[in-house]
Participant: 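The structure under discussion is supplied below as structure tokens; questions concerning it will follow.
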Amino acid sequence: MAKPSIEDWNGINELFTRYAWALDTGDVEGIIACFTQDAVLESPVMGRFSGAGAVRDFAERNARQNAAPGVIMRHVITNVRADVDGDRATAQCYMVNYLTRHGVTRLLAPGAYDCRLERQHGAWRFSYRLVTLDQAVQI
């Protein structure tokens, strides 16, 4: 694996950003568009999701949680690093989740994403995403 080109770096960072915004806004189609058809997503809070239908289930469940009255989620990502090998890459970042419920904001948990990516039709997508948290979380 090698350091990404500037084009790959921008595309990979854009993927992470689009994903965080889609999560926080409850954009089901936006979340789905971030993943390959055979993607696997593992989260200690939400569970394991494998394949397009399961990723849709994850996205819909996330959207329902965020649609509750008075609820605002913020996924903040930082320290993205990536290595690229042709149309495949690995990427990691730190993340912090904030939950605001009825005007009271709390930190849910810091953690990290560990990802494998594939370039498909010129765009980077997650083929595997592992979420790890530094502590247990209750939403």
Side-chain angles (χ1 to χ4, degrees):
M1 294 265 180
K3 289 173 56 175
S5 67
I6 192 68
E7 292 83 11
D8 287 335
W9 177 249
N10 287 338
I12 290 168
N13 273 276
E14 173 67 14
L15 173 63
F16 276 82
T17 302
R18 279 187 294 113
Y19 178 72
W21 273 94
L23 279 174
D24 293 343
T25 61
D27 179 359
V28 171
E29 298 306 319
I31 292 170
I32 292 167
C34 291
F35 289 88
T36 63
Q37 288 291 308
D38 60 349
V40 174
L41 168 63
E42 294 188 68
S43 163
V45 175
M46 302 282 281
R48 186 175 195 276
F49 302 86
S50 183
V55 170
R56 176 173 290 282
D57 291 343
F58 163 81
E60 290 172 349
R61 195 165 127 197
N62 178 78
R64 283 191 302 274
Q65 287 178 343
N66 289 352
V71 171
I72 301 169
M73 288 287 297
R74 296 286 186 249
H75 289 76
V76 180
I77 57 173
T78 186
N79 295 19
V80 177
R81 64 166 308 281
D83 292 301
V84 175
D85 185 10
D87 288 336
R88 297 190 183 277
T90 59
Q92 299 82 29
C93 73
Y94 295 135
M95 61 91 183
V96 178
N97 293 331
Y98 294 94
L99 171 65
T100 300
R101 186 174 280 144
H102 304 294
V104 177
T105 301
R106 67 183 174 103
L107 171 66
L108 291 180
Y113 293 146
D114 189 3
C115 307
R116 291 190 299 264
L117 298 86
E118 292 181 21
R119 184 187 352 243
Q120 295 182 339
H121 309 291
W124 287 103
R125 291 187 169 75
F126 300 115
S127 60
Y128 178 78
R129 166 159 265 199
L130 174 64
V131 179
T132 58
L133 300 175
D134 297 350
Q135 64 190 40
V137 171
Q138 290 187 347
I139 296 182

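Predicted, not measured: the structure shown is a model, and the values here were computed from it.
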Participant: Do I31 and V45 sit in the same hydrophobic cluster, where Ile, Leu, Val, Met, Phe, Trp and Tyr count as joined when their side-chain heavy atoms come under 4.5 Å apart?
Facilitator: yes
Participant: Please report the closest heavy-atom contact between C34 and R18, naming both atoms and the distance.
Facilitator: SG-NH1, 4.0 Å
Participant: Say whether, by atom type as modelled, one donor and one acceptor occur between the side chain of S5 and the main chain of D8 under 3.5 angstrom.
Facilitator: yes
Participant: Is there a path of hydrophobic side-chain contacts, each under 4.5 Å between heavy atoms of I, L, V, M, F, W or Y residues, that connects L15 with V131?
Facilitator: yes
Participant: Is there a path of hydrophobic side-chain contacts, each under 4.5 Å between heavy atoms of I, L, V, M, F, W or Y residues, that connects L117 with W9?
Facilitator: yes
Participant: In Å and rounded to the nearest 0.5 Å, what is the OG1 to CD1 distance from T90 to I12?
Facilitator: 8.5 Å
Participant: State, with a plain yes or no, whether a side-chain heavy atom of C115 is found less than 4.5 Å away from one of F16.
Facilitator: yes
Participant: May I have the step-by-step check of salt bridge (charged side-chain N to carboxylate O under 4.0 Å, His left out) for E118 and R125, ending in yes or no?
Facilitator: CA-CA 5 Å; E118 292 181 21; R125 291 187 169 75; over 6 Å; no
Participant: Could you report the tightest heavy-atom contact between Q65 and V71, atom names first, then the distance?
Facilitator: O-CG1, 3.8 Å
Participant: Would you give the length of the straight line joining atom CG of D87 to atom CD of Q120, rounded to the nearest 0.5 angstrom?
Facilitator: 9.0 Å
Participant: Assigning hydrophobic clusters by single linkage (Ile, Leu, Val, Met, Phe, Trp, Tyr; side-chain heavy-atom cutoff under 4.5 Å), is L99 placed with M46?
Facilitator: yes
Participant: Return the minimal non-hydrogen interatomic distance between G86 and W124, and the atom names on each side.
Facilitator: O-CH2, 3.9 Å
Participant: For the pair T100 and R74, evaluate side-chain contact (heavy atoms from CB on, under 4.5 Å) and give the outcome as yes or no after the intermediate values.
Facilitator: CA-CA 8 Å; T100 300; R74 296 286 186 249; 6.0 Å; no
Participant: Can you tell me how far apart CZ (R88) and CZ (R119) are? Round to the nearest 0.5 Å.
Facilitator: 11.5 Å
Participant: Tell me, please, which residues at least two apart from F58 pass ring pair (Phe, Tyr, Trp, His ring centres under 6.0 Å).
Facilitator: F49
Participant: Can you hop from L41 to L133 via hydrophobic side chains spaced under 4.5 Å?
Facilitator: yes
Participant: Linking Ile, Leu, Val, Met, Phe, Trp and Tyr through side-chain heavy atoms less than 4.5 Å apart, which residues share a cluster with L107?
Facilitator: V76, V96, Y98
Participant: By the definition side chain to side chain contact (heavy atoms under 4.5 Å, CB included), identify the one residue from N79, T78, I77 that meets it with C93.
Facilitator: I77
Participant: Please list all pairs meeting side-chain hydrogen bond (donor to acceptor under 3.5 Å, both in side chains) that have one or both residues in residues 52-61, counting only residues at least two apart or in different chains.
Facilitator: E29-R56
Participant: Do the side chains of D114 and R116 get close enough for a salt bridge, i.e. N-O under 4.0 angstrom?
Facilitator: no
Participant: With sequence neighbours excluded, what pairs up with D27 under the salt bridge (charged side-chain N to carboxylate O under 4.0 Å, His left out) test?
Facilitator: none
Participant: Who passes ring pair (Phe, Tyr, Trp, His ring centres under 6.0 Å) against F35, sequence neighbours left out?
Facilitator: Y19, F126
Participant: At their closest point, which heavy atom of Q135 faces which heavy atom of A109, and how far apart are they?
Facilitator: CG-CB, 3.8 Å
Participant: Is it true that a side-chain atom of N66 and a backbone atom of L23 form a donor plus acceptor pair closer than 3.5 Å?
Facilitator: yes
Participant: Using side-chain contact (heavy atoms from CB on, under 4.5 Å), reason through Y94 and R81 one step at a time and then give a plain yes or no.
Facilitator: CA-CA 10 Å; Y94 295 135; R81 64 166 308 281; over 6 Å; no
Participant: Can you name the closest pair of heavy atoms from G30 and A22 and give their distance?
Facilitator: C-CB, 3.8 Å
Participant: With side-chain hydrogen bond (donor to acceptor under 3.5 Å, both in side chains) as the rule and sequence neighbours excluded, what pairs involving residues 33-50 come up?
Facilitator: T36-D38, E42-Y128
Participant: If you look at every heavy atom in G26 and A63, which pair is closest and at what distance?
Facilitator: O-CB, 3.6 Å
